[in-house]
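On a predicted model such as this, the values are computed, not experimentally measured, just so you know. Ligands are counted one by one from 1 in listed order, and the atoms in each one are counted from 1 as well.
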Amino acid sequence: MAERETWTTRLGFILAAVGSAVGLGNIWRFPFATSANGGAAFVIVTLLAVLIIGIPALLAEFVIGRRSNTDAIGAFRKLGRPGWRFVGAIGVFASFWTLSYYSVVGGWVMRYVLGTATGNALATPETYFGSISVGVPSVASHAVFMAVTIVIVAFGIERGIELATKFMVPAIVVLLVGLAVFAATLPGAGDGYAFLLNPDFGYIIANAGSVLPAAFGQALFSLSVGFSVMITYASYLGEDDSLPIDGLSIAVTNFAIAFIAGLVVIPLLVVQGLQPGAGGISATFVAIPTALAELGGLLGQVVGVVFFFVVLIAALSSAISLLEAVVAYLVDSFGFSRVPTAVGLGVVIFVVGIPSAWNTAWLAWFDGIGVALLLPVTVLFVVLFVGWVLGRDAIDEFTKGSGAGWLASVWLWGLRTVVLLLVVIIVALNLQDLFLTPSGSYIIPGPLR
Ligand code: PHE
């Protein structure tokens, strides 16, 4: 069998991981999660969740991946604990599950690049969203988005994912900064920024039982943790990188890009008197074009095309990581060859996504199960495994290339105690909400209730 690929450079790995992290989570999911959970204060709670749970859990996935150098399920056997393979299995399933609806939203974004170019999306935003987000048009754009994802993954790590993200991530940064500078020139942009600086902690405290799990889910989803993706990406690493430095760079860049996206989106909306995030999963697709239309004619169209193009490459660079996590399992564990595996799996995932493409209520249901159930359960077992089962091996792997032995101990003890405790609480709250609260119940999807 051919030798397993590795990233050609350390920067290549970091860009690919940032590409995975930065995506619809930052630009599409974050605004509506924020508005559903009390506004600006939610941003702060999410940031805390990144620091206290997200980064330690990200490093735990890196340790599993780099130490095993194989797919996220085989990794547990390679580490001498085959009984724990179910953890990888839930994670790989979570990637499979998530990509099915993520690609639907990615397809809408593709439509919006065209729709803003022609001006149709700006003329009647609500009607436009309604016409492209359901039924046949939505299934069609879902198919195109999946096809592009498949092509990149089929090219493999070096010539596919690494090469693509080397262009995509810098492009996202440059274009977003340009848009943020433009947004700063809008009259009254200051009011928009003030929105971010006006947190209502009272709401968060009164609704901690639902706000905390939501912030946790958003933080980990945004970092691509809890899906076997970061295990898989780290499995293509050599021994010489410092995992803590890489992990921190990725988390900081991800947050910085989300923040800049906020600086673009919030002034646009607030200046036009729109509530950021209002409107649930359609928020980005209705409110932004409404605001762009207010800018008027050509200017609105140009800004719109650039904005949705940024969202599109951000979505694609995340989608490829989700597909790669599943492809790597079939390639590494069964010796299948990459190209037919990527194509075959891509088609299956496309089919699973058809209900979400057909009806947005299914999409919201898939998102709910993924982020409130599969993600937290995977994180719980990853934390347990690395903290209490791998133990010394984890310290050894963490220290390799970083030499920071003391930091490794702080991290491991953090995982064993605080992180584990918090994750247990989050899982319990989520399970209670999913199965015991009739209104929040996800057992039956909204449209069929
Ligand atoms: N982090 C990505 C985003 O914010 C989504 C994602 C989740 C990608 C999990 C891979 C794994 O859009």
So is there a nitrogen or oxygen of [X] less than 3.5 Å from a nitrogen or oxygen in ligand 1?
{"X": "G25", "result": "yes"}
{"X": "L223", "result": "no"}
{"X": "F221", "result": "yes"}
{"X": "V229", "result": "no"}

Identity and distance of the protein heavy atom lying nearest [atom]:
{"atom": "atom 2 (C) of ligand 1", "value": "S20 O, 3.2 Å"}
{"atom": "atom 9 (C) of ligand 1", "value": "F227 CD1, 3.3 Å"}
{"atom": "atom 4 (O) of ligand 1", "value": "A21 O, 2.9 Å"}
{"atom": "atom 6 (C) of ligand 1", "value": "S224 OG, 3.6 Å"}

Could you list the atoms of ligand 1 found under 4.0 angstrom from a heavy atom of [X]?
{"X": "S222", "result": "1 (N), 4 (O)"}
{"X": "G23", "result": "3 (C), 4 (O), 12 (O)"}
{"X": "N26", "result": "4 (O)"}
{"X": "L24", "result": "12 (O)"}

Interatomic distance, R67 atom CZ to L243 atom CG [nearest 0.5 angstrom] |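 These two atoms lie 11.0 Å from each other.
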Look at the side chain of T116 and the backbone N and O of V113, then say whether any donor-acceptor pair between them is shorter than 3.5 Å.
->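 Yes.
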Give the ring-plane orientation class for F308 versus Y112, where under 30° counts as parallel, over 60° as perpendicular and anything between as tilted.
->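 Ring orientation of F308 relative to Y112: tilted.
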Could you check whether the rings of Y233 and W7 sit parallel, tilted or perpendicular, using 30° and 60° as the cut-offs?
->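 Answer is perpendicular, since the angle exceeds 60°.
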Does any non-hydrogen side-chain atom of L237 lie less than 4.5 Å from one of F62?
->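 No - every pair of side-chain heavy atoms lies 4.5 Å or more apart.
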Where's the contact between Y102 and ligand 1, heavy-atom distance under 4.0 Å: side chain, backbone, both or neither?
->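 Within the 4.0 Å criterion, Y102 contacts ligand 1 through side-chain atoms alone.
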Where on S321 is there a heavy atom closer than 4.0 Å to ligand 1, on the side chain, on the backbone, on both, or on neither?
->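 Contact part for S321 vs ligand 1: side chain (C-beta onward).
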Would you indicate which of L220, N254, L322, I320 comes nearest to atom 11 (C) of ligand 1 when only heavy atoms are counted?
->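 That would be L322.
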Residue pair Y329, F334: steps toward the ring pair (Phe, Tyr, Trp, His ring centres under 6.0 Å) verdict = CA-CA 8 Å; Y329 165 58; F334 298 94; 5.5 Å; yes
Would you sort out whether W365 and Y101 count as a ring pair (Phe, Tyr, Trp, His ring centres under 6.0 Å), showing the intermediate values?
-> CA-CA 10 Å; W365 182 74; Y101 75 87; over 10 Å; no
Verify the ring-centre separation between F285 and Y128: is it less than 6.0 angstrom?
->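 No; F285 has its ring centre 6.0 Å or more from that of Y128.
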Single hit among S20, S222, S224 for side chain to side chain donor-acceptor pair (under 3.5 Å) with N254 =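 Exactly one option meets the side chain to side chain donor-acceptor pair (under 3.5 Å) with N254, and it is S222.
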Just one of K166, E162, E158, R159 clears the side chain to side chain donor-acceptor pair (under 3.5 Å) bar with T8, so which one?
->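 Between T8 and the candidates, side chain to side chain donor-acceptor pair (under 3.5 Å) is satisfied uniquely by E162.
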